[in-house]
There are 4 protein chains.
Amino acid sequence: MAEPVTRGIRPATEEAVFAATLDALADRGYGALTIEGVAARSGVAKTTIYRWWPSKAALVIDAIAPVFASVNPVAPEAGSDLRADLQAAVRRVVDGFQHRLEGIVLAGLVADLARDPETAAAYRERIVRPRREAVTRLLEAWQARGRIRPDADLDLVQDLYVGPIYYRSLVTGAPVDDGFGDALVDAILAHVALPAGEGG
Amino acid sequence: MAEPVTRGIRPATEEAVFAATLDALADRGYGALTIEGVAARSGVAKTTIYRWWPSKAALVIDAIAPVFASVNPVAPEAGSDLRADLQAAVRRVVDGFQHRLEGIVLAGLVADLARDPETAAAYRERIVRPRREAVTRLLEAWQARGRIRPDADLDLVQDLYVGPIYYRSLVTGAPVDDGFGDALVDAILAHVALPAGEGG
Amino acid sequence: MAEPVTRGIRPATEEAVFAATLDALADRGYGALTIEGVAARSGVAKTTIYRWWPSKAALVIDAIAPVFASVNPVAPEAGSDLRADLQAAVRRVVDGFQHRLEGIVLAGLVADLARDPETAAAYRERIVRPRREAVTRLLEAWQARGRIRPDADLDLVQDLYVGPIYYRSLVTGAPVDDGFGDALVDAILAHVALPAGEGG
Amino acid sequence: MAEPVTRGIRPATEEAVFAATLDALADRGYGALTIEGVAARSGVAKTTIYRWWPSKAALVIDAIAPVFASVNPVAPEAGSDLRADLQAAVRRVVDGFQHRLEGIVLAGLVADLARDPETAAAYRERIVRPRREAVTRLLEAWQARGRIRPDADLDLVQDLYVGPIYYRSLVTGAPVDDGFGDALVDAILAHVALPAGEGG
DNA sequence: TCCTAAACGAGACGGTACGTCTCGTCTTTCA
DNA sequence: TGAAAGACGAGACGTACCGTCTCGTTTAGGA
């Protein structure tokens with residue numbers, strides 16, 4: 001009945017490793033992060049880290065997932081204004097790239113995802129899905145109110161703003177700011193929005 | 001008056017290096033590519049490679065640029081159908097990710113771009129810009145014909161399809177096919193297209 | 001109370017490295033010896049060798065010290081004949097240059113000693129001192145018996161035979177044989193020997 | 001009958017190379033001297049240096065030979081005092097090791113001699129022989145006067161002081177000064193000197 | 001005065017070893 | 001039994017010189 005006394009890694013060890021990982025990421029970025037370095041920073045033996053995480057990418061995903069979850073409190077309920085709701089969702093992503101872990105971590109992490117399907121799956125599950133689900137619920141609420149076309153592809157909608165933000169950040173280096181975010185919202189609404197019904 | 005016999009790297013050497021690089025990329029991807037390996041494959045001394053390219057990323061960019069330029073013969077002239085023209089442009093990008101170098105190379109390369117501004121600039125200059133310029137010219141032609149809103153941001157238009165394609169390929173792993181491409185075109189046209197004028 | 005099972009380098013590793021080093025020295029001499037080659041020969045990783053020895057010279061000194069110590073069983077006790085004792089000491093050095101490691105190793109090693117004081121100190125400590133001390137004890141015994149001048153500089157005595165042997169071997173290429181050794185002994189005795197006392 | 005138009009290296013080139021070589025030796029020593037560096041310092045192409053000298057050792061020997069010849073004006077004539085003459089000869093060697101090129105160059109050079117008999121021969125011919133011959137003539141003069149044993153081996157005499165000086169300098173690091181030189185002279189004279197004859 | 005053969009400068013190149021870095025595995029000790 | 005400690009094999013890194021080579025370009029003597 002009782003939980004096992006210890007289940008896998010000891011909480012204190014895990015905590016130390018996560019702290020060291022986030023520290024190192026903030027310091028030097030994903031590319032410069034090494035397991036060796038995390039071991040040194042955390043005081044945890046390299047062996048131990050290898051026992052619980054199969055790769056640097058997996059470690060980083062585990063370390064940042066709780067941070068991402070708590071820092072971006074995701075869209076709560078549908079508000080009174082479709083455009084405003086969507087802008088808020090987009091700005092969260094924009095913010096992440098402007099001054100948070102996200103920009104630092106993503107480029108390198110993405111490269112590793114391409115090489116390891118399991119880690120890619122973990123990334124989607126731990127980082128991508130929670131956010132998308134919240135947004136999907138929001139969009140569904142607006143769909144239910146008749147303000148978004150019933151046949152609209154809600155995944156596509158999200159790709160339409162997340163994709164360009166990633167792309168500018170990682171590839172073109174063009175500015176990613178609220179103005180850009182709002183332009184993306186305009187484009188999306190032109191595609192999927194319906195006018196406010198008169199009878200509703 | 002005659003040109004110097006050799007200036008900089010010898011053409012035969014460069015060719016061997018590029019061939020080996022493309023070979024290695026096709027074989028094992030960007031992450032697994034090493035300068036050492038390219039040297040071995042090409043029969044060119046490691047020293048020589050380091051003499052002419054400051055990094056793996058720079059080498060890869062130089063190696064793939066001509067391929068990208070020739071393989072994707074870019075949009076020529078505006079055709080008779082705006083939607084068809086745009087679909088063609090989008091399909092070129094989709095194709096690249098489906099079964100060509102692009103998908104193999106990009107994830108890893110993007111990670112390196114984030115760490116070295118000079119290489120990032122080279123990438124934009126050699127790979128990104130040529131393609132974007134051709135598409136921009138195409139869109140301008142349609143703008144001139146009055147079929148694209150005169151105030152439309154043509155860079156945004158391109159971000160709206162390239163971004164999601166990159167994002168799906170590198171992050172979510174969702175399918176990137178012509179259906180997806182066409183959906184992107186629909187979204188873009190909803191935003192920027194004007195109806196065909198009656199007077200022509 | 002028990003000693004730790006391993007402390008520092010593992011004995012098996014060290015042994016393999018020493019064997020490969022001596023092998024390589026015998027094969028090609030000091031100048032042609034490379035850490036890389038020793039690693040290959042011994043099956044020990046290059047990294048491991050660099051972990052335990054700071055330089056080629058340090059490695060060679062460690063490798064040859066036990067050989068030199070065991071191969072030249074050094075002067076034991078003073079015998080009955082001063083000249084014979086001294087001749088034996090000199091012949092050991094001559095022998096070393098004639099057909100042993102010494103001649104092969106020394107020239108190159110000496111060059112490196114000149115550039116690194118720490119290594120030079122190690123060489124003196126590990127190779128030179130043991131031999132000199134044995135000879136010094138021998139000479140002191142003869143001094144006590146009144147057959148060597150009480151004010152004789154016993155270090156100078158040793159320099160007077162070791163120096164010319166080194167010099168001929170390394171510089172002039174003149175023959176170094178027992179005849180030469182005996183001539184050196186004659187010169188030394190002319191300088192420091194006293195006639196056998198009548199009362200002895 | 002006329003001399004060939006140009007035969008061999010141009011004097012200006014040779015001079016530049018020698019100057020750069022001596023410079024580099026004085027700066028960093030023999031071990032750190034590279035052909036590449038001499039080429040850079042001298043403004044002479046690396047190819048040119050390789051055309052005229054087969055190895056670093058050969059180059060250095062050629063560069064230092066005239067310096068050694070001029071700097072140490074060697075024993076002229078026998079003087080009035082055997083001991084003083086011998087001391088002067090010894091001091092020249094001691095001086096060389098104390099504050100001249102000799103100490104800087106010799107250790108490294110000696111290592112290379114051991115590996116290349118031709119260079120070793122050149123070294124003996126260009127550097128060693130001139131000095132030894134002068135000393136040999138000096139000793140022969142004293143032999144003729146009956147102050148050195150007629151059967152004395154004059155080569156051995158020279159080995160008896162040059163050897164220990166080399167040995168101390170290169171191996172033991174013990175001080176090499178005039179006191180040491182004089183002690184060597186004492187030992188030598190004990191071996192080979194005859195008392196001044198009364199009858200002449 | 002021009003011709004011609006050499007010496008020369010320039011620098012690309014293949015090659016070897018350097019000494020360092022990080023990886024991921026492993027063995028052993030300790031709590 | 002799990003963590004700490006750390007030795008180890010593996011292999012790429014980027015650098016330094018090596019010695020060779022192929023090219024023009026001086027540079028002087030001799031026709």
Side-chain angles (χ1 to χ4, degrees), chain A residues 5-10 12-13 16 32-37 39 43-56, chain B residues 2 4-10 12-14 32-40 42-56, chain C residues 2-14 32-40 42-56, chain D residues 2-14 16 32-40 42-56:
Chain A
V5 177
T6 53
R7 173 59 76 211
I9 190 171
R10 291 180 196 153
T13 304
L33 180 142
T34 66
I35 300 279
E36 202 110 2
V44 167
K46 196 169 55 150
T47 333
T48 303
I49 300 179
Y50 276 109
R51 193 174 357 250
W52 301 110
W53 292 277
S55 68
K56 168 169 132 175
Chain B
V5 174
T6 56
R7 176 61 68 213
I9 192 173
R10 291 182 195 152
T13 303
E14 187 179 60
L33 180 142
T34 65
I35 300 278
E36 198 113 2
V38 171
S42 64
V44 167
K46 194 168 54 149
T47 327
T48 301
I49 299 179
Y50 278 110
R51 195 171 2 246
W52 300 111
W53 291 278
S55 68
K56 169 170 132 175
Chain C
E3 282 295 298
V5 175
T6 56
R7 179 59 71 211
I9 191 173
R10 291 183 196 151
T13 303
E14 188 179 60
L33 180 142
T34 65
I35 301 279
E36 198 114 3
V38 171
S42 63
V44 167
K46 196 167 53 148
T47 327
T48 300
I49 299 179
Y50 278 109
R51 195 173 359 246
W52 302 110
W53 292 278
S55 68
K56 169 169 131 174
Chain D
E3 283 297 299
V5 177
T6 53
R7 181 56 75 208
I9 190 173
R10 290 182 195 150
T13 303
E14 187 178 62
L33 180 142
T34 66
I35 300 280
E36 199 112 2
V38 171
S42 63
V44 167
K46 196 168 53 151
T47 331
T48 301
I49 299 179
Y50 277 109
R51 192 167 8 241
W52 301 110
W53 292 277
S55 68
K56 167 170 131 176

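In what follows, chains are A, B, ... by sequence order, proteins preceding strands, each numbered from 1. Because the structure is predicted, anything quoted here is derived from the model rather than measured.
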Value in whole Å for how far the [atom2] atom of [N] lies from [atom1] of [X]:
X	N	atom1	atom2	result
D:Trp53	F:dG19	CH2	P	15 Å
C:Glu14	F:dC8	CD	C1'	15 Å
B:Arg51	E:dG11	CZ	C1'	8 Å
D:Ile49	E:dC8	CD1	P	11 Å

Original post:
What string of B, S and - do you get for nucleotides 17-22 of chain E, 5' to 3', when a contact is any protein heavy atom under 4.0 Å?
Top reply: SBBBBB
Original post:
Taking the side chain of D:Thr13 as its heavy atoms from C-beta onward, which of F:dG9, F:dA3, E:dC8 lies nearest to it?
Top reply: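 For the D:Thr13 side chain, the nearest candidate turns out to be E:dC8.
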**OP:** Considering just the side-chain nitrogens and oxygens of C:Arg10, establish if one lies under 4.0 Å of OP1 or OP2 belonging to E:dT27.
**Re:**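 It does not, given that no N or O in the side chain of C:Arg10 lies less than 4.0 Å from OP1 or OP2 of E:dT27.
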Original post:
OP1, OP2 of F:dC8 versus side-chain N and O of C:Trp52: anything below 4.0 Å?
Top reply: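 Yes, such a contact exists.
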Original post:
Who pairs with C:Ala40 by side-chain contact (heavy atoms from CB on, under 4.5 Å), at least two apart in sequence or on another chain?
Top reply: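 Partners of C:Ala40 by the side-chain contact (heavy atoms from CB on, under 4.5 Å) criterion come out as none, since no residue qualifies.
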Subject >> With sequence neighbours excluded, residues passing salt bridge (Lys or Arg N to Asp or Glu O under 4.0 Å) with B:Lys56 >> reply: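 In terms of salt bridge (Lys or Arg N to Asp or Glu O under 4.0 Å), with neighbours along the sequence ignored, B:Lys56 is linked to no residue.
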Original post:
Between B:Ile9 and B:Trp53, which heavy-atom pair has the shortest distance, and what is it?
Top reply: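 Taking B:Ile9 first and B:Trp53 second, the nearest heavy atoms are CD1-CH2, 3.7 Å.
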Extract all donor-acceptor atom pairs below 3.5 Å that involve side chains of residues 42-49 of chain B and protein atoms in other chains or at least two apart in sequence.
residue	atom	partner	partner atom	Å
B:Ser42	OG	B:Val38	O	2.7
B:Ser42	OG	B:Ala39	O	3.3
B:Ser42	OG	B:Val44	N	3.1
B:Lys46	NZ	B:Glu36	OE1	3.4

